[in-house]
Asks: 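This is the structure I want to talk about, given as structure tokens.
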Amino acid sequence: PEAWQITLGDPSVPLAIIDTGIDLDHPDLLSKLWINPDEIPANHVDDDHNGYVDDVYGYDFINEDADPEDDHGHGTHVAGTAAAATDNGLGVAGMAPANPVMTLKVLGSGGEGSYADLIEAMDYALAEGVNFFDTAELYSIPAKAETYGRTEEIIGNWFEARKNRDKVILASKIAGPGEGWVDHIRDGKTRFTREHIEAALNASLQRLKTDYIDLYQLHWPERKTNFFGPLGYFPEVDSYTPMEEILEVLATQVKAGKIRYIGLSNETPWGVMRFLSNAEKLDLPSIVSGKNPYNLLNRSYEVGLAEMSWR
């Protein structure tokens, strides 16, 4: 909200959603779709001579056509968080509602994709003015030991091959605990302690082949709470790293120059407020972003986080 006092974004700068595609008929995204100004729809001609025919909204690199419709849902969720329309009486507001979203489909309904498609999509995005790239140590999805960190590796190889790190604003995330789901990441018991944050961050930097990450996020809460879809809260006895300690560790990494800003992902209103209040109380770098699920089947963001986003 404070940032919105300065700007709502830039309509001339598209946000590329390199993911499973986007629901091109979503009511909160319909008016936010990037439109290639140099391409004439459905004339079967590469009007802008960029190598892609009829790429009006972006491109489907899996099926090699100009219909990047989402058949999974994740890409639509990411697009809504990034740039959902405001003041339309629908849904929520995206973080940068003035920016259009470019649809670059590189993953199928089961999460399948190829290295070549990802590289091609990133080249396409950067050529069209996109310079913010968001990833995570967890990716690619679905989470598996054999693909852990693969997306960061792909981006790192792209940086190395293209020599373009200075042209990109880079975001990544540390995974939270997930025994039985992400046992391949620090035995499924990852914590947001100094030891775990330093290990995860240094590994991400190595895979990304860079010495800093612009925005470093906590992918989901360490404590036992409701995220990834479930509603309601059922208190359990659990132990989690104090938020003050987490903020202090992240502040150390900011001071060291390894990260520039910190953010949250899949966090609850209580968690967001605690992080914000502790950062203010301790005079530490505060949270600058939040990334939560939002789509036609999951509108929980509208309950508490929507008001927080505005205020």
Side-chain angles (χ1 to χ4, degrees), residues 15-26 28-29 33-34 52 54-55 57-84 101-125 130 133-158 171-186 188 190 204 207-208 217 219-220 227-230 265-266 291-301:
L15 305 176
I17 309 301
I18 303 177
D19 209 292
T20 58
I22 293 177
D23 178 357
L24 302 178
D25 295 315
H26 194 294
D28 227 11
L29 294 172
L33 297 175
W34 172 79
Y52 303 94
D54 292 337
D55 55 321
Y57 302 113
Y59 203 73
D60 180 346
F61 294 91
I62 292 181
N63 299 300
E64 298 184 356
D65 61 41
D67 181 23
E69 186 71 31
D70 191 356
D71 53 7
H72 179 280
H74 188 265
T76 300
H77 144 55
V78 174
T81 302
V101 289
M102 178 189 299
T103 313
L104 303 179
K105 182 179 177 69
V106 299
L107 298 173
S109 59
E112 71 280 2
S114 74
Y115 176 81
D117 286 343
L118 282 166
I119 293 296
E120 191 175 358
M122 289 189 289
D123 285 340
Y124 182 107
V130 174
F133 284 66
D134 178 58
T135 185
E137 68 165 334
L138 175 73
Y139 297 162
S140 56
I141 295 293
K144 296 181 291 186
E146 57 267 32
T147 58
Y148 166 64
R150 184 69 55 79
T151 304
E152 289 185 328
E153 290 175 357
I154 291 170
I155 294 174
N157 290 339
W158 183 63
S172 193
K173 312 177 195 72
I174 176 176
E179 291 185 72
W181 175 50
V182 288
D183 289 338
H184 56 282
I185 304 178
R186 294 177 288 283
T190 181
S204 287
R207 287 188 293 266
L208 289 161
Q217 304 150 94
H219 204 158
W220 61 87
F227 52 88
F228 292 149
S265 179
N266 298 294
K291 182 171 179 274
N292 281 64
Y294 177 71
N295 54 55
L296 292 177
L297 297 178
N298 184 348
R299 307 178 73 92
S300 57
Y301 188 94

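This is a predicted model, so every value here is computed, not measured.
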Asks: Do any N or O atoms from the side chain of Tyr59 and from the backbone of Glu64 form a donor-acceptor pair under 3.5 angstrom?
Replies: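 Yes; judged by distance alone, with no hydrogens or angles, the pair exists.
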Asks: Going through the distances and angles, do Leu29 and Thr76 end up as a side-chain contact (heavy atoms from CB on, under 4.5 Å)?
Replies: CA-CA 9 Å; Leu29 294 172; Thr76 300; 4.0 Å; yes
Asks: How long is the straight-line distance from CG of Asn157 back to CG of Leu208, given to the nearest 0.5 Å?
Replies: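 Leu208 CG to Asn157 CG: 10.0 Å, rounded to 0.5 Å.
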Asks: Can you tell me how far apart CG (Leu107) and CG (Asp60) are? Round to the nearest 0.5 Å.
Replies: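 One gets 10.5 Å once the value is rounded to the nearest 0.5 Å.
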Asks: Which heavy atom of Lys105 sits nearest a heavy atom of Thr20, and at what distance?
Replies: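 Closest pair (atom of Lys105, atom of Thr20, distance): NZ-O, 2.8 Å.
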Asks: Just by modelled atom types, is the Ser172 backbone N or O under 3.5 Å from a matching donor or acceptor in the Gln217 side chain?
Replies: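 Side chain of Gln217 to backbone of Ser172: a pair is present.
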Asks: If we ignore angles and hydrogens, is there a donor and acceptor under 3.5 Å between the side chains of Glu152 and Thr135?
Replies: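 Looking only at side-chain atoms, Thr135 and Glu152 do not form any donor-acceptor pair under 3.5 Å.
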Asks: Could you tell me which non-hydrogen atom of Arg150 sits nearest to which non-hydrogen atom of Glu146, and how far apart they are?
Replies: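 Closest heavy-atom pair between Arg150 and Glu146: NH2-O, 2.6 Å.
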Asks: Over all heavy atoms of both residues, which pair between Pro68 and Thr103 is shortest? Give the atoms and the distance, please.
Replies: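 For Pro68 and Thr103, the tightest heavy-atom pair comes out as O-CG2, 3.3 Å.
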Asks: Side chains of Tyr115 and Glu153: is there a donor and an acceptor less than 3.5 Å apart?
Replies: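 No, Glu153 and Tyr115 have no side-chain donor paired with an acceptor closer than 3.5 Å.
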Asks: Could you check whether any side-chain N or O of Trp181 sits under 3.5 Å from a backbone N or O of Gly188, counting only pairs where one atom can act as donor and the other as acceptor?
Replies: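 Pair absent, no side-chain N/O of Trp181 close to backbone of Gly188.
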Asks: Closest approach of Ala16 and Ala125, non-hydrogen atoms and distance?
Replies: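 What the structure gives for the nearest pair is CB-CB, 3.7 Å.
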Asks: Output the distance between atom OG1 (Thr151) and atom CD1 (Ile18), rounded to the nearest 0.5 Å.
Replies: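 If we round to the nearest 0.5 Å, Thr151:OG1 and Ile18:CD1 are 10.5 Å apart.
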Asks: Yes or no on side-chain contact (heavy atoms from CB on, under 4.5 Å) for Trp34 and Val130, after CA distance, side-chain angles and deciding distance?
Replies: CA-CA 11 Å; Trp34 172 79; Val130 174; over 6 Å; no
Asks: Would you please indicate yes or no on a ring centroid separation below 6.0 angstrom for Tyr124 and Tyr52?
Replies: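 When the ring centroids of Tyr52 and Tyr124 are compared, they turn out to be within the sub-6.0 Å range.
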Asks: Using 0.5 Å steps for rounding, measure from the OG1 atom of Thr147 to the NE2 atom of His184.
Replies: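 Atom-to-atom, Thr147:OG1 and His184:NE2 are 6.5 Å apart.
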Asks: Given side-chain contact (heavy atoms from CB on, under 4.5 Å), test Ile174 with Arg186 step by step and report yes or no.
Replies: CA-CA 11 Å; Ile174 176 176; Arg186 294 177 288 283; 3.7 Å; yes
Asks: Minimum heavy-atom separation for Ile22 and Met102, please, with both atom names.
Replies: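 Shortest heavy-atom contact: CD1-O, 4.5 Å.
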Asks: Nearest 0.5 Å, please: how far is NE2 in His26 from CG in Leu24?
Replies: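 The CG atom of Leu24 sits 11.5 Å away from the NE2 atom of His26.
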Asks: Rounded to the nearest 0.5 Å, how far apart are CD1 of Ile155 and CD1 of Ile119?
Replies: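 Going from CD1 on Ile155 over to CD1 on Ile119, the span is 9.0 Å.
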Asks: Taking everything shown except Phe61 itself, do over 12 heavy atoms lie less than 6.0 Å from its CZ?
Replies: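 Atom CZ in Phe61 is packed in, count exceeds 12.
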Asks: Return the minimal non-hydrogen interatomic distance between Ile17 and Gly75, and the atom names on each side.
Replies: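 For Ile17 versus Gly75, the nearest heavy atoms are CG2-O, 3.6 Å.
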Asks: Taking the six-membered ring for Trp, is the centroid-to-centroid distance between His219 and Tyr139 below 6.0 Å?
Replies: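 Yes, close enough.
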Asks: Strictly distance-based, threshold 3.5 Å: is any side-chain N or O of Asp65 a donor or acceptor partner for the main-chain N or O of Asp67?
Replies: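 Yes, Asp65 side chain to Asp67 backbone: donor-acceptor pair under 3.5 Å.
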Asks: Asn292 vs Phe227, test: side-chain contact (heavy atoms from CB on, under 4.5 Å). Steps then yes/no.
Replies: CA-CA 9 Å; Asn292 281 64; Phe227 52 88; over 6 Å; no
